[in-house]
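These values consider heavy atoms only, across backbone and side chains, with no hydrogens, waters or symmetry-generated copies. Everything numeric here is computed off the predicted structure, so don't read it as measured data.
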Amino acid sequence: MKILPVISPKGGEGKSTFAAYLAGFLADAGVKTLLIDADWTQPTASSIFALQQEAPFGLYELLMQTIPDPLQAISQTSIDNLDLIYSNDPDELLPTAMLHAADGRIRLRNILQHPAFARYGAIIIDSKGATGVMTELSILASTGRVMGVVKPILPDVREFIRGSLHMFSRLKTYENYGIHLPDISILVNCFENTLLDREAMDSLSKIISEKLYDSSVLGERNMFSLLDTCIEQLDIFKLGHVKSQPVHRLEYKTRRKGPAAADTMHSLACELFPEWKALFDDVLSREVRV
């Protein structure tokens with residue numbers, strides 16, 4: 001099982017959208033996938049896809065451990081192979097509870113070891129667009145890497161790197177318990193190929209390749225990498241919300257310059273899960289549609 005948390009420095013970067021689209025692409029590839037909406041204040045991922053069967057409980061009860069069986073918190077979406085744990089903490093009680101619980105930051109990690117989750121090949125966790133205990137518990141649940149989503153705006157990029165380093169410095173102590181802190185693969189969203197955007201991309205590449213940040217607390221490792229896949233600023237990536245569909249289903253071919261949405265999602269999935277490339281290739285050849 002692969003567990004991929006999706007994080008961003010703040011709201012509005014496209015984190016929830018591409019967590020859901022990626023989960024939908026994996027599901028169409030035949031990978032049994034669970035999407036966990038851990039953004040308790042803006043539960044966008046919970047509402048992108050229609051539910052075929054809504055569970056009586058959600059993330060709140062799962063993390064508060066008030067239900068005997070995790071299956072009671074798993075809803076079935078209208079997308080084959082895609083299930084969902086929806087966010088249901090409108091009073092924002094979870095952050096305080098997880099902050100003060102002895103196992104708060106590793107509770108999600110431990111819960112996902114339950115046999116109820118063994119049927120999933122991939123679990124995508126949409127975390128809150130901010131730092132804090134809820135993002136940290138998502139990160140500690142990872143099986144190897146985290147996907148960070150940023151727009152090509154230098155202040156956003158610097159905020160993301162600074163905030164991530166601060167979080168990881170707090171989480172480093174968990175390495176004493178055998179928990180390996182994941183690497184962060186950065187996805188640039190809303191790229192418009194303007195001079196400013198290209199300069200921002202060049203700056204981001206330089207920051208990462210030359211380690212132009214204070215990583216002293218993390219040792220010599222380079223925790224950041226920049227994904228080759230880049231999301232262009234296109235209306236097609238909004239249409240998935242309108243149609244309640246994974247975006248790859250809506251565009252396999254295009255006459256405009258640049259890749260179609262299906263090619264973009266295929267590229268992203270191949271970078272994050274290269275072991276399933278043959279399955280992803282099949283999605284393009286079959287052209288699964290609405």
Side-chain angles (χ1 to χ4, degrees), residues 4 6-29 31 44-45 48-49 79 124 126 129 145-157 160 184-209 224-274 276-290:
L4 177 74
V6 182
I7 66 174
S8 66
K10 61 182 182 179
E13 300 288 290
K15 166 186 57 60
S16 299
T17 295
F18 284 95
Y21 288 169
L22 178 62
F25 188 88
L26 294 177
D28 272 354
V31 179
T44 303
I48 292 180
F49 304 132
I79 310 296
I124 308 297
D126 176 33
R145 78 162 89 195
V146 168
M147 183 172 79
V149 183
V150 297
K151 291 181 179 178
I153 303 170
L154 273 179
D156 285 9
V157 169
F160 176 82
I184 301 179
S185 300
I186 298 177
L187 174 68
V188 173
N189 184 30
C190 296
F191 182 74
E192 296 186 85
N193 203 27
T194 63
L195 178 60
L196 284 176
D197 281 8
R198 291 195 297 272
E199 288 179 351
M201 287 288 286
D202 290 343
S203 296
L204 175 56
S205 297
K206 185 176 181 180
I207 289 170
I208 292 173
S209 63
F224 297 103
S225 63
L226 182 61
L227 291 167
D228 292 332
T229 306
C230 183
I231 309 299
E232 296 182 58
Q233 174 76 294
L234 297 170
D235 286 343
I236 186 62
F237 292 111
K238 301 176 185 177
L239 190 60
H241 287 259
V242 177
K243 299 289 188 180
S244 297
Q245 292 290 328
V247 71
H248 70 276
R249 292 184 175 186
L250 305 179
E251 188 184 70
Y252 285 92
K253 303 282 192 300
T254 180
R255 293 183 178 181
R256 69 171 183 274
K257 186 178 180 181
D263 291 319
T264 297
M265 295 309 303
H266 172 271
S267 174
L268 178 61
C270 287
E271 283 198 81
L272 294 171
F273 305 101
W276 292 327
K277 183 179 183 302
L279 296 176
F280 303 151
D281 292 346
D282 187 54
V283 175
L284 295 187
S285 64
R286 286 187 291 117
E287 295 194 6
V288 182
R289 296 188 182 273
V290 180

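- Using a 4.5 Å cut-off on side-chain heavy atoms (C-beta onward), Thr44 and His241 make contact.
- In this structure, CZ on Phe49 lies 14.5 Å from NZ on Lys243, to the nearest 0.5 angstrom.
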I'd like to know whether Phe160 forms a side chain to side chain contact (heavy atoms under 4.5 Å, CB included) with Ile7, so could you lay out the CA-CA distance, the side-chain angles of the two residues, the decisive distance to 0.1 Å, and finally the verdict.
CA-CA 9 Å; Phe160 176 82; Ile7 66 174; 4.0 Å; yes
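- Scored by the salt bridge (Lys or Arg N to Asp or Glu O under 4.0 Å) test, Arg145 finds no partners at all (sequence neighbours excluded).
- The side-chain contact (heavy atoms from CB on, under 4.5 Å) test applied to Arg256 returns Leu234, Ile236, Glu251, Thr254, not counting sequence neighbours.
- Of the listed residues (Val188, Asp263, Leu272, Leu268), just one forms a side chain to side chain contact (heavy atoms under 4.5 Å, CB included) with Thr229, and that residue is Leu268.
- Partners of Asp202 according to the salt bridge (Lys or Arg N to Asp or Glu O under 4.0 Å) rule, which considers only residues two or more places apart in sequence or in another chain, do not exist here.
- Val283 approaches His248 most closely through the heavy-atom pair CG1-CD2, 3.9 Å.
- Partners of Phe237 under the ring-ring contact (aromatic ring centres under 6.0 Å, His included) rule, at least two apart in sequence or in another chain, are Phe18.
- Closest approach of Ile124 and Ala19 over heavy atoms only: CG2-O, 3.7 Å.
- Distance check: Ile208 CD1 to Lys206 NZ gives 13.5 Å after rounding to the nearest 0.5 Å.
- Contact detail for Val150 and Glu13: the closest heavy-atom pair is CA-OE1, 3.3 Å.
- Atom CZ of Arg198 is separated from atom OG of Ser203 by 13.0 Å, given to the nearest 0.5 angstrom.
- Separating the CD atom in Glu192 from the NZ atom in Lys151 is a distance of 9.5 Å, to the nearest 0.5 Å.
- The minimum heavy-atom distance between Gly258 and Glu232, with the atom names listed, is CA-OE2, 4.0 Å.
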Do Arg249 and Ile79 pass the side chain to side chain contact (heavy atoms under 4.5 Å, CB included) test, and can you show the C-alpha distance, the side-chain angles, and the key distance before you say yes or no?
CA-CA 11 Å; Arg249 292 184 175 186; Ile79 310 296; 3.7 Å; yes
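- For the residue pair Thr264 and Cys230, the shortest heavy atom distance occurs at CG2-O, 4.3 Å.
- Here Asp126 contributes atom CG and Ile48 contributes atom CD1; the two are 8.0 Å apart, rounded to the nearest 0.5 Å.
- Note on ring orientation: taking the six-membered ring where Trp is involved, the planes of Phe25 and Phe280 are tilted (angle from 30° to 60°).
- The salt bridge (Lys or Arg N to Asp or Glu O under 4.0 Å) check on Glu287 picks up Lys253, Arg289, with sequence neighbours excluded.
- Taking CD1 of Ile207 as the start and CG of Leu154 as the end, the distance is 6.5 Å to the nearest 0.5 Å.
- Residues Leu22 and Phe273 have side chains in contact (heavy-atom distance under 4.5 Å, counting atoms from C-beta outward).
- Taking both residues in full, the closest heavy atoms of Ser205 and Leu226 are given as OG-CD2, 3.3 Å, listed atom of the first, atom of the second, then distance.
- The shortest distance between side-chain heavy atoms of Glu271 and Leu187 does not fall below 4.5 Å.
- Residues meeting the ring-ring contact (aromatic ring centres under 6.0 Å, His included) test with Tyr252, sequence neighbours left out: none.
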